[in-house]
Amino acid sequence: MGSAPTYIATWNVNSVRSRLQQVLAWLGVNPHIDLLCLQETKVADDQFPVTAFAERGYWVYTYGQKAYNGVAMVSKYPLEDVKAGFSAVLPEMAQLDDQKRLLSAKLHGVRVVNLYVPNGGAIASEKYHYKLAWLACLTQYLAVLRQQEKDILLCGDFNVALTDLDIHDPTGCETSIMASPAERTALERVLNLGFVDIFRQQNPEGGHYSWWDYRGGSFRRNLGWRIDYHFPSVELAQRVTECQIDVTPRRHPQPSDHAPVIIGLANLRP
DNA sequence: ATGGCGAGAGGATCTCGA
């Protein structure tokens, strides 16, 4: 009876131009992916390789800048109600849009929020405080969206390992960037608005990661962190058919240091 | 305590990421 699930992926590609052939190849072997949310595109919008995707039938939505940051959405279908940056919802937060890290749009009735949370540098540094302020602003942003829409998918590179299970070796991680208590609390406040860590719900055991340092053979030894997530709203979580990390591209030569994460959503509006 | 690897900018060797 029901139509096929809608498949949405999130992938920090660490430069879309450097990774272009790998991203196209991955879409080629994963033709079921309806929407791919990209982070760290590292390119201004007028330099984004739109044609390469358009030639393959995808619509492309970009929100980027030169050299740093940048997010984009690559979709089989036209997206609706595209909102770029915090200021589309919170005009008073326009200063946090200097760094292009947030792009949201609707597909098949679902509001997809694609984000790239700041790295944070060192604990207590200026960048660290920027990260916490950014996450606090995200909480405000989502509180507004939550009043407007029930079916929201929050996805991207969050640069926070929610629990010790998300780190290959959590020893001393409370003083480490991406795992400090303040970062975890800031992300928990987001989830407490009514979002679900669906991958962890389906995989209560550790050992599953989405990022591995380029250095020291981390991937070969599976010394990773899980920092890339799909967080469906509690209402949408009922319709999740699967959530998987695809480590295949991380094995390729010159890979991104992140792996894509895929979610399936059943019974969406066509 | 530090660097380790990789990308971008710019044209040698920085900054940044996580």
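For clarity, every value in this text was computed on a predicted model and none was experimentally measured. So you know, we letter chains A, B, ... as the sequences are listed, proteins then strands, and number each from 1.
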side-chain contact (heavy atoms from CB on, under 4.5 Å) partners of Leu191(A), counting only residues at least two apart
Leu162(A), Phe195(A), Phe231(A)
Touch check for Asn12(A), heavy atoms < 4.0 angstrom, all strands: base, sugar-phosphate only, or nothing?
sugar-phosphate
Sub-4.0 Å heavy-atom contacts from residues 208-219 of chain A onto DNA chain B, ordered by number:
Trp211(A), Tyr214(A), Arg215(A)
Nearest-nucleotide check on DNA chain B, Val117(A) vs Arg19(A); residue mapping nearer the 5' end is Arg19(A)
Does dG8(B) have OP1 or OP2 under 4.0 Å away from a side-chain N or O of Ser18(A)?
yes
dG3(B) to dC16(B) separation - C1' atoms, rounded to the nearest Å:
15 Å
Winner on side-chain proximity to Tyr68(A), out of dA7(B), dC16(B), dG17(B), is dC16(B)
With a 3.5 Å cut-off and no angle check, do the side chains of Asn114(A) and Tyr61(A) form a donor-acceptor pair?
no
Is the phosphate of dG8(B) approached by Ser15(A) (side-chain N or O, under 4.0 Å from OP1 or OP2)?
yes
Remember a base hit wins even if backbone is also touched, and classify Asp157(A) as base, sugar-phosphate or nothing at under 4.0 Å, heavy atoms.
sugar-phosphate
Tyr128(A) side chain to Ile177(A) backbone, donor-acceptor under 3.5 Å:
no
Rounded to whole angstrom, note down the P distance from dT2(B) over to dT13(B).
23 Å
